[in-house]
**Student:** 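One structure coming up, written as structure tokens, with questions to follow.
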There are 2 protein chains.
Amino acid sequence: MSQQRTGHEAGITGRVGAVTPSAVLGSQPDFPDLPEATVARLPEYLRALHHLAETGHDTVSSEGLALAAGVNSAKLRKDLSHLGSYGTRGVGYDIEPLVGQIEYILGLNKRRAVALVGVGNLGHALAGYAGFASRGFRIAALFDADLTRVGELINGIAVRHIGDIPEVVKSEAISIAVLATPAGAAQAVADQLVAAGVTSILNFAPVVLNLPEQVDVRKVDLAVELQILSFHEHRKSARGAEQAKALARGAELAKTVARNGSPVAARGEVAA
Amino acid sequence: MSQQRTGHEAGITGRVGAVTPSAVLGSQPDFPDLPEATVARLPEYLRALHHLAETGHDTVSSEGLALAAGVNSAKLRKDLSHLGSYGTRGVGYDIEPLVGQIEYILGLNKRRAVALVGVGNLGHALAGYAGFASRGFRIAALFDADLTRVGELINGIAVRHIGDIPEVVKSEAISIAVLATPAGAAQAVADQLVAAGVTSILNFAPVVLNLPEQVDVRKVDLAVELQILSFHEHRKSARGAEQAKALARGAELAKTVARNGSPVAARGEVAA
DNA sequence: CGCGATTTGTGCACCTGTTCACAAGCGCTT
DNA sequence: AAGCGCTTGTGAACAGGTGCACAAATCGCG
């Protein structure tokens with residue numbers, strides 16, 4: 001632990017694009033095949049680099065950057081080596097060109113237009129989230145199914161009805177959408193988005209979307225994150241108890257143990 | 001793609017608990033060492049199972065559950081086999097006991113108290129997020145540094161000042177905290193939480209927290225998710241251009257082909 | 001101008017996780 | 001009671017990712 005889990009690592013198959021037609025053609029020099037795990041870390045490196053740049057550095061060692069990004073330095077070096085090299089031995093990496101390269105790879109050299117569907121509780125917050133704007137994205141459209149919300153201004157953008165999706169997605173050339181609808185509506189909305197031309201979706205609804213192969217979907221489920229933490233909590237306390245037991249076994253102090261007796265009991269209850 | 005990336009896979013080191021003291025003692029029968037990748041998928045299985053139960057099923061095949069959870073069936077079976085077996089050959093899994101077992105493993109048999117720090121834009125939405133309550137968690141306390149927000153009621157809970165963290169965390173026996181502060185404040189707040197006894201943190205602030213070994217941290221960075229999608233968008237368009245070029249190079253019927261991309265190209269399309 | 005300190009880039013071994021493919025097990029039907 | 005079809009559980013091969021450890025490269029300094 002404390003090795004931060006960043007909420008997307010690798011695990012899932014292959015190099016990005018390793019199977020695409022371009023493999024046949026040989027990969028483009030300016031577009032190397034990056035391991036998916038590396039791609040997932042690049043944004044973190046980018047953030048760390050921006051921070052370093054703002055605090056007056058113009059060079060970092062792999063050690064320093066790794067620390068700031070929460071990974072180990074060998075991994076960092078290997079990741080960066082995949083982008084073609086931007087470091088100088090004995091010195092480190094020049095921050096500015098490195099930032100440029102990562103931004104280019106991530107496609108952040110042009111600010112991308114994003115649509116957000118579902119301005120309920122969470123959607124509303126996302127619409128106002130400054131982090132999107134400051135890190136390469138522009139919320140270009142808001143949609144909701146609820147007619148009473150249509151017209152509402154959030155952060156200067158008017159909420160439109162989901163019926164307008166085809167029109168707006170085309171006119172604004174939107175390819176990325178954020179889905180913050182209730183679970184029940186998510187699939188239908190996703191279908192509409194895809195039909196309108198969206199090819200990447202960030203899904204906050206707790207459902208597995210069923211979409212064509214070529215559409216990229218990332219899922220963020222807030223409750224899932226907590227449940228994973230809960231598991232570790234459970235384990236910690238179980239281990240703790242066990243440890244205590246082990247100690248007690250060796251010794252006399254049975255009393256302390258009695259208090260946190262094994263939670264083997266109750267199950268069920270819980271989720272509504 | 002379309003193989004949904006769930007925003008946390010494995011990649012990060014070892015079996016859960018493989019290094020804990022209990023390894024020495026031999027692992028408990030009721031608390032097997034689960035691969036981290038498996039743990040990350042359990043919540044998704046649980047959600048799918050609840051959904052199935054609600055729609056009247058009381059049995060599922062690995063195929064069916066895998067479909068509902070967005071994974072392949074072999075993976076699912078292996079995952080479930082780690083919890084000790086709950087399936088019947090020729091039939092499938094009994095939903096009810098399986099739900100119970102997963103909830104037990106995840107430590108959801110008791111409803112866990114969670115503290116949320118930072119009731120700004122995002123924090124406010126999280127405080128009102130119904131998904132937490134419905135999936136095993138109880139927001140037991142809200143904190144903010146801003147005195148003008150202290151006292152405000154959100155979802156029936158009063159916002160308290162972060163100075164009260166030690167007291168409240170102890171009295172409510174809180175071990176999990178959600179961090180939704182601005183980046184600048186996150187580290188300091190995290191330190192306070194840990195000092196007060198919190199041992200798991202879900203961090204929404206875009207910073208790498210530096211905390212003791214035994215504290216579990218999961219990070220969710222919304223902009224990072226979009227940046228990863230952006231990468232894939234970028235790649236898709238780059239590939240598209242390339243493909244077009246290649247096709248143009250090769251043939252006369254560039255036009256017809258351009259639309260559907262060659263069958264060879266279609267194969268496997270992209271990672272996952 | 002050469003030497004030592006430093007730091008990158010990478011070959012390699014290890015390890016986790018995924019997937020395949022099939023034997024074992026179960027229930028239903030005849 | 002035996003056979004058949006279906007589904008689980010898992011051994012084994014594979015794939016991808018990680019981290020070590022070191023050679024190669026660069027800089028600064030005397």
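A, B, ... follow the sequence lines: proteins, then strands. Residue 1 opens every chain.
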**Student:** Under a 4.0 Å N-O cut-off, is there an ion pair linking A/Arg135 with B/Asp221?
**Tutor:**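 Counted as a salt bridge, because a side-chain N and a carboxylate O are separated by less than 4.0 Å.
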
**Student:** Output all residues satisfying side-chain hydrogen bond (donor to acceptor under 3.5 Å, both in side chains) with B/Thr59, sequence neighbours left out; order by chain, then residue number.
**Tutor:**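 With neighbours one apart ignored, the set is B/Asp94.
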
**Student:** If I compare all heavy atoms of A/Val207 with all of A/Ala183, which pair ends up nearest, and what's the gap?
**Tutor:**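 Shortest heavy-atom contact: CG2-O, 3.8 Å.
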
**Student:** Ignoring hydrogens and angles, are the base of C/dT18 and the side chain of B/Lys78 linked by a donor-acceptor pair under 3.5 Å?
**Tutor:**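 Such a pair does not exist between side chain and base.
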
**Student:** Starting from P on C/dT18, measure out to CD on B/Glu36 and report it in whole angstrom.
**Tutor:**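 Taking CD of B/Glu36 and P of C/dT18, I get 11 Å after rounding.
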
**Student:** Taking OP1 and OP2 of D/dG11, is either one under 4.0 Å from a side-chain nitrogen or oxygen of B/Arg77?
**Tutor:**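 For D/dG11, neither OP1 nor OP2 has a side-chain N or O of B/Arg77 closer than 4.0 Å.
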
**Student:** Atom CG of A/Leu65 and atom C1' of C/dT7: how far apart are they, to the nearest Å?
**Tutor:**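 For the pair A/Leu65 CG and C/dT7 C1', the rounded distance is 14 Å.
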
**Student:** Without decimals, in angstroms, what is the distance between B/His82 NE2 and C/dT16 C1'?
**Tutor:**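 Spelled out: NE2 on B/His82 to C1' on C/dT16 is 11 Å.
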
**Student:** Nearest to the B/Ser62 side chain among D/dT8, D/dT10, C/dT10, which nucleotide is it?
**Tutor:**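 When the side chain of B/Ser62 is considered, D/dT8 is the closest of D/dT8, D/dT10, C/dT10.
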
**Student:** Give the nucleotide from the list C/dT19, D/dA21, D/dT8 with an atom nearest to the side chain of B/Tyr93.
**Tutor:**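 Comparing C/dT19, D/dA21, D/dT8 against the side chain of B/Tyr93, the answer is D/dT8.
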
**Student:** Nearest of C/dT19, D/dA21, D/dG17 to any side-chain atom of B/Asn72?
**Tutor:**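 Nearest listed nucleotide: C/dT19.
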
**Student:** Please step through side-chain hydrogen bond (donor to acceptor under 3.5 Å, both in side chains) for the pair A/Thr199 and B/Glu233, ending with a clear verdict.
**Tutor:** CA-CA 8 Å; A/Thr199 48; B/Glu233 281 302 314; 2.5 Å; yes

**Student:** Quickly work out the B/Leu76 CG to D/dT8 C1' distance and round it to whole Å.
**Tutor:**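 Result: 11 Å.
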
**Student:** Checking side chain to side chain contact (heavy atoms under 4.5 Å, CB included) against A/Phe231, which of B/Leu42, B/Ile102, B/Leu106 comes through?
**Tutor:**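 For A/Phe231, the side chain to side chain contact (heavy atoms under 4.5 Å, CB included) test succeeds with only one of B/Leu42, B/Ile102, B/Leu106, which is B/Leu106.
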
**Student:** All N/O contacts under 3.5 Å from nucleotides 24-30 of chain C to the protein, with atom names and distances to one decimal?
**Tutor:**
residue: C/dA24; atom: N3; partner: B/Arg89; partner atom: NH1; Å: 2.7
residue: C/dG25; atom: N2; partner: B/Gly90; partner atom: N; Å: 3.4
residue: C/dC26; atom: O4'; partner: B/Arg89; partner atom: O; Å: 3.4

**Student:** Can you tell me which residue pairs pass the salt bridge (charged side-chain N to carboxylate O under 4.0 Å, His left out) test with a partner in residues 45-67 of chain A, sequence neighbours excluded?
**Tutor:**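 Checked against salt bridge (charged side-chain N to carboxylate O under 4.0 Å, His left out) - neighbours excluded - the pairs reaching residues 45-67 of chain A are A/Glu44-A/Arg47.
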
**Student:** Could you tell me the separation between the CG atom of A/Asp94 and the C1' atom of C/dT8, rounded to a whole number of Å?
**Tutor:**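 To the nearest whole Å, that distance equals 13 Å.
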
**Student:** Between A/Thr55 and A/His57, do the side chains contain an N or O donor and an N or O acceptor separated by less than 3.5 Å?
**Tutor:**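 A/Thr55 vs A/His57: donor-acceptor pair found between side chains.
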
**Student:** Can you tell me the distance, in whole Å, between the CG atom of A/Asp79 and the C1' atom of D/dG19?
**Tutor:**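 Atom CG in A/Asp79 sits about 12 Å away from atom C1' in D/dG19.
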
**Student:** Round to the nearest Å and state the distance from B/Lys75 atom NZ to C/dC20 atom C1'.
**Tutor:**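 The distance from NZ of B/Lys75 to C1' of C/dC20 comes to 14 Å, rounded to the nearest Å.
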
